[in-house]
2 protein chains.
Amino acid sequence: MEVLGGRWKLAILKQLLGGTRRFSELQRALPRITQRMLTRQLREMEADGLLTRTVYREVPPRVEYALTEAGRSLDAIADQLDTWGRWYRDTYRAGAGGAEEGPGEKRPAGAAGAP
Amino acid sequence: MEVLGGRWKLAILKQLLGGTRRFSELQRALPRITQRMLTRQLREMEADGLLTRTVYREVPPRVEYALTEAGRSLDAIADQLDTWGRWYRDTYRAGAGGAEEGPGEKRPAGAAGAP
DNA sequence: CCGTATCCTAAAGGATACTG
DNA sequence: CAGTATCCTTTAGGATACGG
């Protein structure tokens with residue numbers, strides 16, 4: 001949780017799972033993050049070894065971010081968190097009525113009776 | 001991440017995956033959490049629909065916590081996070097040398113080339 | 001036994017302006 | 001384009017003491 005715990009890290013991870021992205025591309029994909037936060041979360045993830053940052057000294061400058069092996073190894077988890085999150089939101093926030101009888105229908109795959 | 005994001009929630013979840021627990025049992029299992037934090041995280045998880053809180057008005061009082069379906073549905077994810085966390089720690093913090101050539105050996109199951 | 005109440009620090013997150 | 005620099009608010013987390 002220390003490594004994934006940022007407000008935006010999962011979203012960034014998801015973007016980078018789609019391939020290398022440059023700073024401005026990430027900004028466009030995540031319209032509500034501020035420049036400062038994007039920079040900070042990216043630097044933290046770099047420090048944690050989840051991604052690499054490559055600076056191309058051109059004009060205009062270009063910086064590319066790509067996942068490391070460690071970052072890519074979070075693929076499955078990120079995916080499951082994403083799926084669970086959607087299920088949870090749809091089940092508990094959906095029709096305001098929400099979980100009147102507990103989650104029973106479209107449960108995330110494999111999480112039914114547990115083990 | 002909003003739902004799982006507490007410092008202790010994953011640990012609490014893990015305990016409750018083992019069955020119903022009372023307050024003092026959780027405290028003993030998580031020696032470094034303060035009473036206040038345990039109470040708070042439990043109440044948040046209850047509000048999020050992850051667990052139920054049952055009060056038995058006896059002397060001395062007894063309060064039992066149990067996961068809901070939603071809580072139990074996090075089983076697989078909690079497990080994977082746990083596994084990844086250990087792998088990450090062992091790989092990146094282990095011999096101080098750490099990830100000299102990127103994670104290559106005991107990668108968490110199924111997260112290799114990524115499907 | 002199972003909490004509340006108080007008080008406090010630190011970390012996270014953000015708005016806004018400026019820059020190599 | 002891809003950041004820094006400031007300044008500020010909010011939330012998380014914790015230590016300690018007290019109570020039904």
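Side chains included, hydrogens not; waters and symmetry mates left out as well; all remaining heavy atoms used. None of these values were measured; they are calculated from a predicted model. All chains are named by letter (A, B, ...) in the order of the sequence lines, taking the proteins before the strands, and each is independently numbered beginning at 1.
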Starting at [atom1] of [X] and ending at [atom2] of [N], how long is that distance when rounded to a whole Å?
{"X": "Arg22(B)", "N": "dG3(C)", "atom1": "CZ", "atom2": "C1'", "value": "13 Å"}
{"X": "Arg43(A)", "N": "dA12(C)", "atom1": "CZ", "atom2": "C1'", "value": "18 Å"}
{"X": "Leu42(A)", "N": "dA2(D)", "atom1": "CG", "atom2": "C1'", "value": "11 Å"}
{"X": "Leu38(A)", "N": "dT4(D)", "atom1": "CG", "atom2": "P", "value": "11 Å"}
{"X": "Glu64(A)", "N": "dC1(D)", "atom1": "CD", "atom2": "P", "value": "14 Å"}
{"X": "Met1(A)", "N": "dG13(D)", "atom1": "CE", "atom2": "P", "value": "10 Å"}
{"X": "Glu46(B)", "N": "dC2(C)", "atom1": "CD", "atom2": "C1'", "value": "14 Å"}
{"X": "Phe23(B)", "N": "dC2(C)", "atom1": "CZ", "atom2": "P", "value": "7 Å"}

For Lys14(B), which of Asp82(B), Asp79(B), Asp75(B) qualifies under salt bridge (Lys or Arg N to Asp or Glu O under 4.0 Å)?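 The residue from Asp82(B), Asp79(B), Asp75(B) that satisfies salt bridge (Lys or Arg N to Asp or Glu O under 4.0 Å) with Lys14(B) turns out to be Asp82(B).
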So what does [X] touch, heavy atoms closer than 4.0 Å: a base, only the sugar-phosphate, or nothing?
{"X": "Glu25(B)", "answer": "nothing"}
{"X": "Glu44(A)", "answer": "nothing"}
{"X": "Arg57(A)", "answer": "nothing"}
{"X": "Tyr56(A)", "answer": "nothing"}

Quick test of your reading of the model: are Arg28(B) and Glu25(B) salt-bridged, counting only N-O distances below 4.0 Å?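 Not counted as a salt bridge, because no side-chain N and carboxylate O are separated by less than 4.0 Å.
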If the condition is side-chain contact (heavy atoms from CB on, under 4.5 Å), which residues does Lys9(B) pass it with, not counting sequence neighbours?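 Per chain and number, Lys9(B) pairs via side-chain contact (heavy atoms from CB on, under 4.5 Å) with Gln41(B), Glu44(B), Met45(B), Asp48(B).
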Which class fits the ring pair Tyr92(B) and Tyr88(B): parallel under 30°, tilted 30 to 60°, perpendicular over 60°?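 Correct class here is parallel.
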Measure from the side-chain heavy atoms of Pro60(A) and tell me the nearest of dA2(D), dC2(C), dC1(D).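 Closest nucleotide among those given: dC1(D).
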Closest approach to the side chain of Thr39(A), judged atom by atom: which nucleotide of dG3(D), dT4(C), dA2(D) is it?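 Nearest to the side chain of Thr39(A) among the choices is dG3(D).
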May I ask you to test the Trp8(A)-Met1(B) pair for a side-chain heavy-atom distance under 4.5 Å?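 They are not in contact (no side-chain heavy atoms under 4.5 Å apart), so the answer is no.
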[N] phosphate, OP1 or OP2: any side-chain N/O from [X] under 4.0 angstrom?
{"X": "Arg21(B)", "N": "dC2(C)", "value": "no"}
{"X": "Arg53(B)", "N": "dG3(C)", "value": "yes"}
{"X": "Gln27(B)", "N": "dC1(C)", "value": "no"}
{"X": "Tyr65(A)", "N": "dG3(D)", "value": "yes"}

Shortest non-hydrogen contact between Ser73(A) and Trp84(B), atoms and distance: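 Heavy-atom minimum between the residues: OG-NE1, 2.8 Å.
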Test side chain to side chain contact (heavy atoms under 4.5 Å, CB included) applied to Leu67(B) and Thr20(B), Leu51(B), Ile12(B), the passing residue: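 Answer after filtering Thr20(B), Leu51(B), Ile12(B): Leu51(B).
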Nucleic acid footprint by protein, nucleotides 14-20 of chain C - heavy-atom cut-off 4.0 Å, B for base, S for sugar-phosphate alone: BB----B
Do Val55(A) and Phe23(A) belong together in a cluster built from hydrophobic side chains that touch within less than 4.5 Å?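 Same cluster: Val55(A) reaches Phe23(A) through Ile, Leu, Val, Met, Phe, Trp or Tyr contacts under 4.5 Å.
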